[in-house]
Amino acid sequence: APDIPVTAVKQHLTDLQSLAAANGGNRAHGRAGFRASIDFVKAELDAAGYTTTVQQFTYSGTTGYNLVADLPGGDPDQVIMVGSHLDSVTSGPGINDNGSGSAAILETALTVARTGHQPSKHLRFAWWGAEELGMVGSRYYVNNLPPSARSKIKAYLNFDMIGSPNPGYFVYDDDPALEKVFKDWFTGIGVPTEIETEGDGRSDHASFKSAGIPVGGLFTGAGRTKTSAQVQKWGGTATAFDRCYHSSCDTTANISDTALDRNSDAIAHAVWTLTSGTTTPPA
Ligand code: DTR
Ligand code: CA
Ligand code: ZN
Ligand code: ZN
Ligand code: ZN
C-alpha cells in the first residue's frame, strides 16, 4: 500500500476545524457544522470519482446524515467497508474524536482513486452521523440494509479516535483475522499493540458486529489513564490518552502526528490487503 502522508490527513483536520469555527464552534448532530462537514467530505469524494450517497435519518426531532461513498468496480458480492463517525460533541470541533478517523479514511479513499487502484473486491467508505448520541447513524444504516446486501459485506473496519495526543496503540479484538492484519502491520514497524477492550459496543462497529459482520479497527485511547507499563511500552505520560476527550480543547493541537501517521498507514495497509485477492482476508 502507498504511504499516506500525515500532512494530507492534517490538512483535512484543519478544514474540519475551520468548518466548526464557521458554524458555532462544533460539528454536532443537528447543527450546521455537521452538515457542512458532510458537504465538505462529499465534495472531495465526488471530485475523486466516487459514487456518493447521503442517507438521511431523523433522531430526537432533528435530521441526521450518513455519507456513503462507493469506489466504482470490484466484486459487488464481496464488499469491504471502512467507516468513521463524522459528528462531534457540542463542546468543540471534535478533531481527535472523530476528525482523526474521518480524515484518515478520507485520505485513504483519495489515495485509492489518485493511484488508480482497482481492488478486486468492492470498496465502500462511510462517514456516520449521530454516533455521539449512541451510534444512531450507523445503526440506521445497518438496520436499513436489505439482508441480501448485508451478507455481501465481508468486513467492516471502524476508526474512531486514532490520533490521541498521549496515544496507545489498540487493535480491536472482535475478529481474529482482521485483528491479525493490523497486528502484523504494527509488528512490521516495531510498534507493540494491545487489544482494544474499552470500546466493545461503544462505537460504530457495534451494529455491524450484531448483524454478524466481521469487524476490526484501531483506537488510540480516550479518557482513561495510560498506565506506567504502557508508558514503558509506548512513551508519553501516565495521564489520560486524550485529556481533551469531549472537551472544547479537542482541536488540531490535540493530535499526535506520529499516532495519526502510523494509523493512517495501517488503514491503507488493511484496505489494500483486504480488497485484494478473492477471499477475505486473503488466505
Ligand atoms: N465512544 C467513542 C469513544 C470511545 C470510547 N471507547 C472506545 C473504543 C473504541 C472506539 C471508540 C471508543 C466516542 O466518544 O465517540
Ligand atoms: Ca504515512
Ligand atoms: Zn465521542
Ligand atoms: Zn468517537
Ligand atoms: Zn472488542
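All residue numbers in this chain count up from 1 along the given sequence.
- With a 4.5 Å cut-off on side-chain heavy atoms, Pro165 and Ile255 do not count as touching.
- For the atom pair Ile162 CD1 and Arg262 CZ, the distance stands at 13.5 Å (nearest 0.5 Å).
- Atoms OG and CD, from Ser276 and Gln118 in turn, are 14.0 Å apart once rounded to the nearest 0.5 Å.
- One hydrophobic cluster, built from ILVMFWY side chains closer than 4.5 Å, holds both Phe219 and Trp127.
- Considering all non-hydrogen atoms of both residues, Pro192 and Gly190 come closest at CD-O, 3.7 Å.
- Residues in residues 243-254 take part in no salt bridge (Lys or Arg N to Asp or Glu O under 4.0 Å) pair, two or more places apart or across chains.
- Put simply, Leu16 and Val6 are part of the same group of oily side chains (I, L, V, M, F, W, Y) that touch within less than 4.5 Å, one to the next.
- Put simply, the side chain of Arg27 gets close to the backbone of Gly94: a donor and an acceptor are under 3.5 Å apart.
- Although no hydrogens or angles enter the test, the distance criterion places no donor-acceptor pair under 3.5 Å between the side chain of Asp175 and the main chain of Gly216.
- A donor and an acceptor atom, one from each side chain of His12 and Glu107, are located under 3.5 Å apart.
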*Going through the distances and angles, do Leu218 and Thr193 end up as a side chain to side chain contact (heavy atoms under 4.5 Å, CB included)?*
CA-CA 10 Å; Leu218 301 170; Thr193 58; over 6 Å; no
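- Shown here for Ile4 and Ser264, the closest heavy-atom pair between the two residues is CG1-O, 3.8 Å.
- The nearest pair of heavy atoms linking Pro76 to Lys152 is O-CD, 3.5 Å.
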*Run the numbers on Leu260 and Leu13 for side chain to side chain contact (heavy atoms under 4.5 Å, CB included), then give the verdict.*
CA-CA 11 Å; Leu260 187 63; Leu13 295 182; 3.8 Å; yes
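- In this structure a side-chain-to-backbone donor-acceptor pair under 3.5 Å is present from Asn98 to Met161.
- The shortest distance between side-chain heavy atoms of Lys42 and Leu45 does not fall below 4.5 Å.
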*Full working for side-chain hydrogen bond (donor to acceptor under 3.5 Å, both in side chains) between His122 and Gln78*: CA-CA 6 Å; His122 183 77; Gln78 294 199 79; over 6 Å; no
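- A salt bridge does not link Lys121 with Asp75: none of the charged nitrogens is closer than 4.0 Å to a carboxylate oxygen.
- To the nearest 0.5 Å, the span separating CD1 on Ile80 from CG on Leu157 amounts to 7.0 Å.
- Side-chain contact between Gln55 and Tyr65: absent, with no pair of heavy atoms (C-beta onward) separated by less than 4.5 Å.
- Within the model, atoms CD1 of Ile38 and CD of Gln56 stand 11.0 Å from one another, a figure rounded to the nearest 0.5 Å.
- By the rule that hydrophobic residues join a cluster once side-chain heavy atoms approach within less than 4.5 Å of another member, Val9 and Val191 end up as members of one cluster.
- Separation of the Trp234 and Phe170 ring centroids falls under the 6.0 Å cut-off.
- Classification of the Tyr172-His205 ring pair by plane angle, with boundaries at 30° and 60°, yields tilted.
- The shortest distance between side-chain heavy atoms of Ile153 and Ile213 falls below 4.5 Å.
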*Derivation of the side-chain hydrogen bond (donor to acceptor under 3.5 Å, both in side chains) call for Asn26 and Ser88*: CA-CA 7 Å; Asn26 68 65; Ser88 75; 4.7 Å; no
*asked:* Before you tell me yes or no, could you show the steps for Asp70 and Leu123 under side chain to side chain contact (heavy atoms under 4.5 Å, CB included), namely the whole-Å CA-CA distance, both residues' side-chain angles and the distance that decides it to 0.1 Å?
replied: CA-CA 6 Å; Asp70 287 275; Leu123 181 54; over 6 Å; no
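- Judged purely by atom type and a 3.5 angstrom limit, Asn166 uses its side chain to pair as donor or acceptor with the backbone of Thr237.
- Side-chain heavy-atom separations under 4.5 angstrom define the hydrophobic clusters, and Val231 shares its cluster with no other residue.
- Counting only distance, with no hydrogens or angles, the side chain of Thr58 and the backbone of Thr62 share no donor-acceptor pair below 3.5 Å.
- Counting heavy atoms from C-beta outward, Val171 and Ile195 have side chains that stay 4.5 Å or more apart.
- Considering only heavy atoms from C-beta on, Asp3 comes within 4.5 Å of Asp265 through its side chain.
- Side-chain heavy atoms closer than 4.5 Å link hydrophobic residues (I, L, V, M, F, W, Y) into clusters, and following such links, even through other members, never connects Val68 to Ile267.
- Between the Asn158 side chain and the Val82 main chain, no donor and acceptor come within less than 3.5 Å of each other.
- For the residue pair Asn96 / Asp242, a side-chain donor-acceptor distance below 3.5 Å is found, with atom types taken as modelled.
- Contact check for Thr111 versus Thr115: side-chain heavy atoms found under the 4.5 Å cut-off.
- Note that OG1 of Thr108 is 12.5 Å distant from NE2 of His269, once rounded to the nearest 0.5 Å.
- Ring orientation note: the planes of Phe186 and Tyr169 are tilted relative to one another, at an angle of 30° to 60°.
- Salt-bridge formation is not detected for the pair Arg139/Glu131: no Lys NZ or Arg NE/NH1/NH2 atom is positioned less than 4.0 Å from an Asp or Glu carboxylate oxygen.
- In this structure, a donor-acceptor pair under 3.5 Å is present between the side chains of Gln230 and Glu194.
- A donor-acceptor distance shorter than 3.5 angstrom exists from the side chain of Lys226 to the backbone of Gly235, with no hydrogens or angles considered.
- Across all their heavy atoms, Phe40 and Leu106 have their closest contact at CE2-CD2, 4.4 Å.
- Between Lys10 and Asp257 a salt bridge is recorded (basic side-chain N to carboxylate O distance below 4.0 Å).
- Residues in residues 210-224 take part in these side chain to side chain donor-acceptor pair (under 3.5 Å) pairs, two or more places apart or across chains: Ser164-Thr220.
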*Please assess His85 against Asp97 for the test side-chain hydrogen bond (donor to acceptor under 3.5 Å, both in side chains), listing each intermediate value before the final yes or no.*
CA-CA 8 Å; His85 75 85; Asp97 181 21; 3.0 Å; yes
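- When all heavy atoms are compared, the tightest approach of Phe34 to Ala28 is CB-O, 3.2 Å.
- When all heavy atoms of Ala266 and Trp185 are compared, the closest pair comes out as CB-CE3, 3.6 Å.
- A 4.5 Å side-chain heavy-atom check between Trp272 and Pro2 finds at least one atom pair inside the cut-off.
- Taking the six-membered ring where the residue is Trp, Tyr156 and Phe208 present parallel rings, their angle staying beneath 30° rather than reaching 60°.
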*Where do Leu67 and Thr52 land on the side chain to side chain contact (heavy atoms under 4.5 Å, CB included) test, with the steps shown first?*
CA-CA 7 Å; Leu67 173 65; Thr52 59; 4.1 Å; yes
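- Between the side chain of Ser247 and the main chain of Tyr245, a donor-acceptor pair closer than 3.5 Å is present.
- In the hydrophobic clustering of this structure, Val142 does not group with Ile105; members are Ile, Leu, Val, Met, Phe, Trp, Tyr whose side-chain heavy atoms approach within less than 4.5 Å, directly or through other members.
- Met81 contributes atom CE, which lies 4.0 Å from atom OH of Tyr141 (distance to the nearest 0.5 angstrom).
- Between Phe182 and Phe159, the ring planes lie perpendicular to each other; the angle is over 60°, past the 30° to 60° tilted range.
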